[in-house]
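Just so we're on the same page: letters track the sequence lines, and every chain starts at 1. What you see is a predicted model; the values in this text were computed from it and never measured.
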Number of protein chains: 2
Amino acid sequence: MTVSRVLNAPENIHPATLAKVRAAIDSTGYVPNSAAKALRSSRSRLIAAVLPTLTGPIFLDTIEALAAGLARRGYQLIVGQSGYSDDKEDELLTDIISRRPDGIVLTGVGHSEEGRRRLLASGIPVVETWDLTEQPLDVLVGFSHEAVGREVSRFLVSRGRRKLALIGADDQRSQRRWSSFARSARAQGLAQPVAHFVPAPAKLADGRQALRAVLAQHRDIDALFCSSDSLAFGALVEARAQGIEVPRQLAVVGFGDLNFADQLEPALTTVRVDGPRIGELAAHCIVSRALGQPLDERIVDVGFSIVERSST
Amino acid sequence: MTVSRVLNAPENIHPATLAKVRAAIDSTGYVPNSAAKALRSSRSRLIAAVLPTLTGPIFLDTIEALAAGLARRGYQLIVGQSGYSDDKEDELLTDIISRRPDGIVLTGVGHSEEGRRRLLASGIPVVETWDLTEQPLDVLVGFSHEAVGREVSRFLVSRGRRKLALIGADDQRSQRRWSSFARSARAQGLAQPVAHFVPAPAKLADGRQALRAVLAQHRDIDALFCSSDSLAFGALVEARAQGIEVPRQLAVVGFGDLNFADQLEPALTTVRVDGPRIGELAAHCIVSRALGQPLDERIVDVGFSIVERSST
DNA sequence: TTGTATGCGTTATCAT
DNA sequence: ATGATAACGCATACAA
């Protein structure tokens with residue numbers, strides 16, 4: 001008990017005792033046991049994050065900022081990969097809930113019914129990220145993928161493009177950008193855009209192959225929206241290989257504004273999302289919730305912007 | 001107690017009891033408490049990983065494979081960022097040790113004396129990665145950065161290059177590649193190579209700026225070794241901007257073989273390391289150690305290869 | 001086949 | 001200012 005006090009409330013301890021206990025701690029290499037602490041206090045100082053994949057460069061900035069923000073606030077981060085699969089996410093969720101984290105940060109808002117139930121039943125605070133919905137589980141930090149699809153299609157039309165195409169990954173958020181992109185194009189009087197999907201996570205080489213496939217069927221497209229900068233990079237490479245001039249014959253828009261986007265030839269027009277901001281906000285929100293502190297807003301829309309460069 | 005048995009050893013439970021308990025579990029949403037389990041059994045099923053940064057694309061494949069490998073084996077991963085700083089690593093280690101993970105995976109072998117002491121005192125199995133040393137703390141999965149520096153210099157000399165330069169990040173491993181690169185160049189009768197360092201983690205833009213700085217002083221260099229593909233990408237961009245032909249006037253070698261390396265113009269010659277293999281091996285080793293199983297080898301050298309493309 | 005007692009390391013609470 | 005007791009949820013050892 002005295003040791004506990006020395007560590008947690010040294011102010012009311014006799015200096016001599018303090019010194020003696022600290023000496024003992026040093027000489028024995030004593031380190032308190034967080035599991036016992038958590039068991040006794042029902043506070044684990046652990047936050048869990050569920051991500052589709054750790055390698056997706058898009059989420060990376062967010063995780064890094066999240067990890068840093070949590071560390072700064074005295075929390076540790078436990079990560080799980082759902083691999084873009086609902087079943088995997090549900091399994092993971094059970095494991096995670098058994099750890100009794102003080103909070104859970106999810107990527108996206110599309111969870112299985114079972115997953116939603118378990119999360120709500122656990123009573124653990126949840127922050128969903130990288131997406132927007134009217135009915136979040138709890139707190140939400142993200143932006144609208146529908147708005148992205150719509151704005152990109154309007155942007156392309158405003159630049160005089162008429163034959164739109166899209167290369168996307170088969171994950172939920174990319175699909176929603178696609179739906180909105182297509183709907184908006186039709187609303188503006190264009191034909192239904194061409195689409196080609198590749199398995200997530202999409203790699204550069206997928207972009208090359210995908211554009212090749214699209215061009216084989218639809219040589220007349222004049223604008224291409226790629227659901228990631230990596231895909232766009234691949235598309236630029238393929239366009240050059242096929243002698244298609246970008247942007248004269250084909251406008252290309254990416255997603256993510258990864259650090260190579262402005263160095264490509266031509267520099268890539270892309271959708272920029274403030275990943276670190278999402279991570280930092282998520283850290284703030286989840287910790288506030290964990291401490292039972294009130295939150296200004298339950299839904300934070302961080303927005304996005306279209307960074308216009310020479311590929312359009 | 002019966003609930004515990006239903007969950008962990010259902011074979012000796014009366015079918016009726018089994019059904020009753022399971023129904024109760026379902027209806028109440030009971031999820032076992034890992035902290036209590038850990039406290040009782042001294043086995044947390046938790047592995048901690050310490051990384052310089054989560055965004056370094058180099059380690060990413062390793063972390064992903066590590067996370068996947070651990071999940072497959074029923075372990076969860078807790079991550080911490082040391083930010084290339086010893087002090088931060090030591091702080092982190094204390095937090096980590098207090099969690100009583102069943103194992104710790106470290107990046108690199110350069111830890112502070114204090115850190116080494118704490119790790120050894122904790123008795124927690126440790127796997128060091130991405131480096132090689134004669135005296136690992138425990139298990140090691142990596143490769144020799146000295147060998148990388150040496151082999152790249154030999155490679156460049158064998159291709160007729162005589163005025164070597166290096167652009168590196170100021171992290172330990174990059175520095176060791178540099179020392180060896182320089183030593184080997186001198187041993188081959190060349191002058192001391194030119195070097196320029198940028199703060200880790202190095203970004204593409206740093207590569208541009210660094211090459212500009214090097215060229216301002218040493219216009220006559222004919223070969224450049226960059227300590228990451230991102231830096232090399234930036235260097236290629238700058239070389240083109242300055243009208244320097246690669247590889248005719250300047251050979252460029254990267255490190256990492258990131259997925260864009262073969263798509264650059266010219267395609268980048270680079271050092272390839274099997275990141276996923278390191279992660280998977282680390283998962284295997286740390287779990288074996290955690291279970292007290294014997295290990296074939298304590299030191300695994302996964303090696304590296306120089307992938308020759310058109311930038312040299 | 002099921003149940004009871006006990007202790008893992010911590011801290012809230014109540015003595016002293 | 002310090003110590004004693006109890007309880008967090010689980011699983012080992014033992015009993016029935």
Separation of [N] [atom2] from [X] [atom1] (nearest whole Å):
X	N	atom1	atom2	result
Ile25(A)	dT10(C)	CD1	P	10 Å
Arg100(A)	dG9(D)	CZ	C1'	9 Å
Arg99(B)	dT10(C)	CZ	P	13 Å
Lys37(B)	dT12(D)	NZ	C1'	14 Å
Leu7(A)	dT11(C)	CG	P	8 Å

Check: Arg40(B) side chain, dG9(C) base, donor-acceptor under 3.5 Å: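 No, no donor-acceptor pair under 3.5 Å.
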Taking the side chain as C-beta and beyond, is there a heavy-atom pair between Leu137(A) and Arg116(A) under 4.5 Å?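 Yes, side chains in contact.
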Taking the side chain as C-beta and beyond, is there a heavy-atom pair between Asn33(B) and Ser98(A) under 4.5 Å?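 The answer is no; the side chains never approach within 4.5 Å.
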May I ask you to say what Ser41(A) touches in the nucleic acid, namely base, sugar-phosphate or nothing, with a heavy-atom cut-off under 4.0 Å? nothing
Quick check on DNA chain C: between Pro15(B) and Leu39(B), whose nearest nucleotide comes earlier from the 5' end?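 The 5'-side residue here is Pro15(B).
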Should the ring pair Phe59(B) and Trp130(B) be called parallel, tilted or perpendicular, given that the plane angle runs from 0 to 90° and is split at 30 and 60? perpendicular
On DNA chain D, more 5' by nearest nucleotide between Ser34(B) and Arg5(B) is Ser34(B)
Which nucleotide in dG3(C), dT11(C), dA1(D) has an atom nearest any side-chain atom of Asn12(A): dA1(D)
Which nucleotide in the list dT13(C), dT4(C), dT10(C) gets nearest to the side chain of Met1(A)?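 Looking only at heavy atoms from C-beta outward on Met1(A), the closest nucleotide is dT13(C).
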Are the side chain of Ser174(A) and the backbone N or O of Asp170(A) linked by a donor-acceptor pair below 3.5 Å?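 Judged by distance alone, no pair lies under 3.5 Å.
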At less than 4.0 Å, is any side-chain N or O atom of [X] found next to OP1 or OP2 of [N]? Yes or no.
X	N	result
Thr2(A)	dG3(D)	yes
Asn33(B)	dC8(D)	no
Ser4(B)	dA11(D)	yes

